[in-house]
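Below, read A as the first sequence line, B as the second, and so on, with proteins coming before strands; counting in each chain starts at 1.
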Amino acid sequence: SAVISQKPSRDICQRGTSLTIQCQVDSQVTMMFWYRQQPGQSLTLIATANQGSEATYESGFVIDKFPISRPNLTFSTLTVSNMSPEDSSIYLCSVRDQNQPQHFGDGTRLSIL
Amino acid sequence: QKEVEQNSGPLSVPEGAIASLNCTYSDRGSQSFFWYRQYSGKSPELIMFIYSNGDKEDGRFTAQLNKASQYVSLLIRDSQPSDSATYLCAVNSMKTSYDKVIFGPGTSLSVIP
């Protein structure tokens, strides 16, 4: 399976600031996703990152809060904007190639003070 | 009804026993079913996937699928303390125009030495 590198692995941020998380894959993949996992909870899909076009957001998530880029088939970024303590979570990049199961990066552990 | 449901646990089994993890899903159109293992502080790791009714075995793991009952299970034979983790059931959803994977809440498994 593809090797997925996610940066940063963790960060502590001040409320009101923004953080951009990067996801780099060692091979071209069809689909890239961003998930959030709040403490003690399961995974919630934020959006599907589409190459060359706007991401497809799930209910409850909006582009102004979570802008996503995907300039090519191996790279995507997720920005968490105007952060509040409620945004403290693990953010996970996931990739899937055609007819293959999804795999996850190591995640970004984000704490907001 | 939630899209993917699992018993939250914790499920405790003695070392060497069979652990049985269950999952039900609501979308009759779902075609792909996955089991992920997540250790505390780590990202989810794919351990099994199944597409057809019946059983699929891989080492100590067996996935069972019954589409008519909308039920998928994971059996872990000869359970080891290293199997202690949260197990996430995931199902692809065909309710949107694109193929996305929905995760259940997870079942916490504890294997007692």
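Cluster membership for Leu43(A) and Tyr36(B), using ILVMFWY side-chain heavy atoms within less than 4.5 angstrom, is shared. Each of Val13(B) and Leu75(B) belongs to its own hydrophobic cluster when Ile, Leu, Val, Met, Phe, Trp and Tyr are linked at side-chain heavy-atom distances under 4.5 angstrom. Note on Val25(A): it does not cluster hydrophobically with Ile21(A), by side-chain heavy-atom contacts below 4.5 Å among ILVMFWY residues.
The aromatic ring centroids of Phe104(A) and Phe103(B) lie less than 6.0 Å from each other.
Proximity to chain A (any heavy atom under 4.5 Å) is restricted, for Gln38(B), to the side chain, taken from C-beta onward. Heavy-atom distances place the side chain of Leu92(A), and not its backbone, under 4.5 Å from chain B.
Within a 6.0 Å radius of NZ in Lys7(A), no more than 12 heavy atoms belonging to other residues, nucleotides or ligands are found. When the shell of 6.0 Å around CD1 of Ile112(B) is examined, it contains more than 12 heavy atoms from other residues, nucleotides or ligands. Taking a 6.0 Å sphere around CZ of Arg10(A), one finds it holds 12 or fewer heavy atoms contributed by other residues, nucleotides or ligands. The number of heavy-atom neighbours closer than 6.0 Å to CZ of Arg77(B), taken from other residues, nucleotides and ligands shown, is above 12.
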*Chi angles and distances behind the side-chain contact (heavy atoms from CB on, under 4.5 Å) call for Leu45(A), Ile102(B)*: CA-CA 8 Å; Leu45(A) 180 63; Ile102(B) 306 297; 5.7 Å; no

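Top candidate by heavy-atom pairs under 4.5 Å with chain A, chosen from Gly41(B), Pro44(B), Gly106(B), is Pro44(B). Of the residues considered (Gly40(A), Ser94(A), Ser42(A)), Ser42(A) shows the highest number of contacts with chain B, using heavy-atom pairs under 4.5 Å.
Smallest separation of non-hydrogen atoms from Asp106(A) and Ser43(B): CA-OG, 3.8 Å. The two atoms that bring Gln102(A) and Val101(B) nearest to each other are OE1-CG2, 3.1 Å, heavy atoms only.
From Lys100(B), atom NZ reaches atom CE of Met31(A) across 11.0 Å, with rounding to the nearest 0.5 Å. To the nearest 0.5 Å, the span separating CD on Gln100(A) from CG on Leu46(B) amounts to 10.0 Å.
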